[in-house]
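Below you'll find the structure, written out as structure tokens, and then a few comments.
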Amino acid sequence: MATKYYTHFVTDAPRAPAEIPSSEWSGVVELRHPLESGGGTRELRSLLAQSFDLDSEEIKILHWARLH
């Protein structure tokens, strides 16, 4: 069963500022499995980075919360 999370994050792509400037985003992300309590943001950053074609280090999670 999918699990939904609200996430608020910023992207930072210093190697390609003209293509993808630093930006602030928020929205709902749906994952197939719940995030781990300790390292969950690593998985979330990886998923968001894939969506934006960035490295996970270029994603900074400001806030995230599981939606019920």
Side-chain angles (χ1 to χ4, degrees):
M1 181 167 170
T3 307
K4 294 181 182 182
Y5 294 88
Y6 167 81
T7 183
H8 182 198
F9 61 98
V10 292
T11 59
D12 182 27
R15 60 186 157 80
E19 295 174 28
I20 305 173
S22 296
S23 298
E24 188 170 340
W25 305 84
S26 63
V28 175
V29 176
E30 188 171 323
L31 303 176
R32 293 180 191 224
H33 305 285
L35 292 175
E36 297 175 11
S37 58
T41 58
R42 182 176 57 244
E43 180 183 352
L44 188 54
R45 280 190 1 246
S46 178
L47 176 70
L48 293 168
Q50 289 175 7
S51 296
F52 283 85
D53 196 25
L54 298 170
D55 293 329
S56 60
E57 295 82 29
E58 296 172 319
I59 303 287
K60 180 179 178 184
I61 306 285
L62 303 175
H63 175 76
W64 66 276
R66 185 174 177 173
L67 299 177
H68 297 279

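Treat the numbers as computed from the prediction; the structure is a model and nothing was measured.
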What distance do L48 atom CG and S56 atom OG have between them, rounded to the nearest 0.5 Å? 10.5 Å

Nearest heavy-atom neighbours spanning I59 and R45: O-CD, 3.2 Å

pair E58-T11: side-chain heavy atoms closer than 4.5 Å: no

Tell me, please, which residues at least two apart from E57 pass side chain to side chain contact (heavy atoms under 4.5 Å, CB included). D55

If we only count heavy atoms from C-beta on, is the W64 to V29 side-chain gap below 4.5 Å? no

In this structure, would L31 and W25 fall into the same cluster of hydrophobic residues linked by side-chain contacts under 4.5 Å? yes

Non-neighbouring partners of S26 that pass side chain to side chain contact (heavy atoms under 4.5 Å, CB included), sequence neighbours left out: Y6, H8

Those residues at least two apart in sequence (or on a different chain) that pass side chain to side chain contact (heavy atoms under 4.5 Å, CB included) with S46 are Q50

Working to the nearest 0.5 Å, report the span between CG of L67 and OG1 of T3. 10.0 Å

dist E24:CD -> F9:CZ (nearest 0.5 Å) comes out at 10.0 Å

Could you check whether any side-chain N or O of Y5 sits under 3.5 Å from a backbone N or O of L35, counting only pairs where one atom can act as donor and the other as acceptor? yes

